[in-house]
Amino acid sequence: MIRVLVLGGPTAVGKTEYALALASRLQGEIINADSMQVYRGLEIGTAKIRPEEQQGIPHHLFDLVDVDTPFDVAQYQMRARECIQAVTARGHLPILVGGTGLYVRATLFDYHFPIKEGNVPLSFSNETTVALYEQLQVLDPLAATQMHPNNRQRIERALQRVAESGPLKEIPRPSMLYDALFVGLTRPREELYDRINQRVLTQFQQGLEQEAQHILAQSPQGSTARQAIGYKEFIPYFEGQMTLQEVQDTIQLHTRRYAKRQYTWWAHQFPMHWIDVGNGRAPSEALCEMEKLVKAKWSQ
RNA sequence: GGAGGGGUAGCGAAGUGGCCAAACGCAGAUGACUGUAAAUCAUUUCCCAUCGGGUUCGGCGGUUCAAAUCCGUCCCCCUCCA
């Protein structure tokens, strides 16, 4: 099986820096696993690494599409698998770096996304959520058991899927397709939250407002890019209903909550090896621990 | 000094004798998640505990079978008049 090193963890924990160091020590190439950094133009708000910071290490799957172009897990899965293949063929170690757990899981595990047949998307706007859930219970009882009756977004998707490829025959229990090592970076909660708050302040100084204005003008209603934290919060501000300070507070709040959700996903969906990079620990020491994990797994 | 309004769980805010450990909002904590995932959704938040129990609604004291809710008194806050 192909080896893949995964570097995950919550936002603002320090993945970008450690990825760079790891890549240079392990002859690795970095593959983005962040659902928002695939968009061109989301720079400051997503804390995307800049070309001059990349230290000559190849970075893949950043800036794939414009903000008005839809992108989803299925596309990511395909691109990421191709990329892993290519990096491996070059004799390098693919390092998947990012916070979007679903993207990583769909790539490394046996997730199937049937090819869409280009049929008209169903419209559910006139139905109540209760009615939609009842429909799903009839059309795909198994899928219905997998989601909460209030989760309209997932119910709609399930109905769409049923229309395209029929009901679920069994609940999928995906297996891993790669020889993957999951390293998660972590820090004490309070320290992480401080870093998040500080990072948002810095982003404002770097011109987040201008970037957001630009992005919001370019991305259509409902597009994924305008759901990104650090951008959508500006909407009420540009409409004159919120102060800049309130925008900043809200971005910090949303980012903190996002970080918690990421912890939940990473901790529960993968066999993680957590490395504490906080508490004033020297990066060299943390890196050393990561290298040990790598050696222990792929001893060489 | 006088008149009036108010003090409810982390914050805001309902409740005005029993159905109140106390609605609701916010914030926090926990979790779910195979095509929007930086999305969407759920649970939970006085204390101990499995049922269940023990302390709460500014303090103290009363009335009552029963009080956050009624009475007395004290403390604190706000507005207005002096």
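Throughout, a chain's letter reflects where its sequence line sits, starting with A, and its residues are numbered from 1.
Remark: P of B:U34 and CD of A:E156 are 18 Å apart, rounded to the nearest angstrom. Separating the NZ atom of A:K232 from the C1' atom of B:A39 is a distance of 7 Å, rounded to the nearest angstrom. One atom, CZ of A:F124, and another, C1' of B:U36, lie 14 Å apart when rounded to the nearest Å. Atoms OH (A:Y263) and C1' (B:A37) sit 19 Å apart, rounded to a whole Å. We find that NE2 of A:H148 is positioned 6 Å from C1' of B:A42, with the value rounded to whole Å. In this structure, A:F270 atom CZ and B:C33 atom P are separated by 12 Å, rounded to whole Å. In this structure, the NZ atom of A:K48 is 13 Å from the C1' atom of B:A38, given to the nearest Å. Here the P atom of nucleotide B:U34 and the CD atom of A:E170 are 14 Å apart, to the nearest Å.
Taking the side-chain hydrogen bond (donor to acceptor under 3.5 Å, both in side chains) definition, one finds that A:Q27 meets it with nothing, sequence neighbours left out. By the side chain to side chain contact (heavy atoms under 4.5 Å, CB included) test, A:Q245 pairs with A:T243, A:Q248, A:D249, sequence neighbours left out. The side-chain hydrogen bond (donor to acceptor under 3.5 Å, both in side chains) check on A:N126 picks up nothing, with sequence neighbours excluded. Applying the side-chain hydrogen bond (donor to acceptor under 3.5 Å, both in side chains) criterion to A:Q262, with sequence neighbours excluded, gives A:Y258. Remark: A:E127 pairs with A:A131, A:L132, A:Q135 by the side chain to side chain contact (heavy atoms under 4.5 Å, CB included) rule, at least two apart or across chains. Legend: residues meeting side-chain hydrogen bond (donor to acceptor under 3.5 Å, both in side chains) with A:T224, ordered by chain and number and at least two apart, are absent. A:L102 meets the side chain to side chain contact (heavy atoms under 4.5 Å, CB included) test with A:V73, A:Y111, A:W265; sequence neighbours excluded. In this structure A:R79 satisfies the salt bridge (Lys or Arg N to Asp or Glu O under 4.0 Å) test with no other residue, sequence neighbours excluded.
Among B:A38, B:A37, B:A39, the nucleotide with an atom closest to any side-chain atom of A:T224 is B:A37.
On the C1' atoms, B:G28 is 8 Å away from B:G10, given to the nearest whole Å. The separation of B:G25 from B:U45, taken at their P atoms, amounts to 14 Å, rounded to a whole angstrom. To the nearest whole angstrom, the two C1' atoms, one in B:A14 and one in B:A22, are 10 Å apart. A gap of 15 Å separates the P atoms of B:U16 and B:C71, to the nearest Å. Of the C1' atoms belonging to B:G18 and B:U63, the separation is 16 Å, rounded to the nearest Å. Atom C1' of B:G7 sits at a distance of 42 Å from the matching atom of B:A39, rounded to the whole Å. Of the P atoms belonging to B:G4 and B:G53, the separation is 45 Å, rounded to the nearest Å. The same atom, P, is picked in B:G59 and in B:A9; the two are 10 Å apart, to the nearest Å.
Between A:R157 and A:Y258, the residue whose closest nucleotide on RNA chain B is further toward the 5' end is A:R157.
Defined by atom type and a distance below 3.5 Å, a donor-acceptor pair is present between the side-chain atoms of A:E209 and A:Y237. Using a 3.5 Å distance cut-off with no hydrogens or angles, the side chains of A:T11 and A:R199 do pair a donor with an acceptor.
Nucleic acid contact class of A:G45 (heavy atoms, under 4.0 Å, all strands): base. Residue contacts shown for A:Y103 are limited to sugar-phosphate atoms, with no base heavy atom under 4.0 Å away. At the heavy-atom level, A:T46 lies under 4.0 Å from base atoms of the strands shown.
Partner assigned to B:A42 is B:U30, using Watson-Crick or G-U wobble distances below 3.5 angstrom. Summarising the base pairing, B:G4 is matched to B:C78 through a Watson-Crick or G-U wobble pair whose two defining distances lie under 3.5 Å. Base pairing annotation: B:A37 forms no Watson-Crick or G-U wobble pair, as no partner gives both donor-acceptor distances under 3.5 Å. Of all nucleotides present, only B:G18 satisfies the Watson-Crick or G-U wobble test against B:C65, with each distance under 3.5 Å. B:U73 is paired with B:G59 under the Watson-Crick or G-U wobble criterion, all donor-acceptor distances under 3.5 Å. Pair check for B:C24 finds B:G12; Watson-Crick or G-U wobble, both atom distances under 3.5 Å.
Phosphate proximity of B:A42 to A:N150: present, with a side-chain N or O under 4.0 Å from OP1 or OP2. Phosphate contact (OP1/OP2 of B:U36, side-chain N/O of A:S35, threshold under 4.0 Å): absent.
Using cut-offs of 30° and 60° for the angle between ring planes, the A:F109 and A:F270 rings count as tilted.
Remark: nothing in residues 236-247 of chain A comes within less than 4.0 Å of RNA chain B through any heavy atom. Near RNA chain B, meaning a heavy atom under 4.0 Å from it, residues 64-86 of chain A has A:D72, A:V73, A:A74 in order of number.
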Return all side-chain donor-acceptor pairs below 3.5 angstrom for residues 171-178 of chain A, not counting sequence neighbours, or 'none' if the list is empty.
none

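Listed for the A:E29 side chain is no donor-acceptor partner under 3.5 Å among the backbone atoms of A:P94.
A heavy-atom distance below 4.5 Å is not found between the side chains of A:Q85 and A:T88.
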Sort me out a list of protein N/O and nucleotides 28-32 of chain B N/O pairs below 3.5 Å, or just none if empty.
unit_1, atom_1, unit_2, atom_2, d
B:G28, OP2, A:R257, NH1, 2.7
B:A29, OP1, A:R189, NH1, 3.3
B:U30, OP1, A:R189, NH2, 3.4
B:U30, OP2, A:R189, NH1, 3.2
B:U30, OP2, A:R189, NH2, 3.2
B:G31, OP2, A:K260, NZ, 3.0

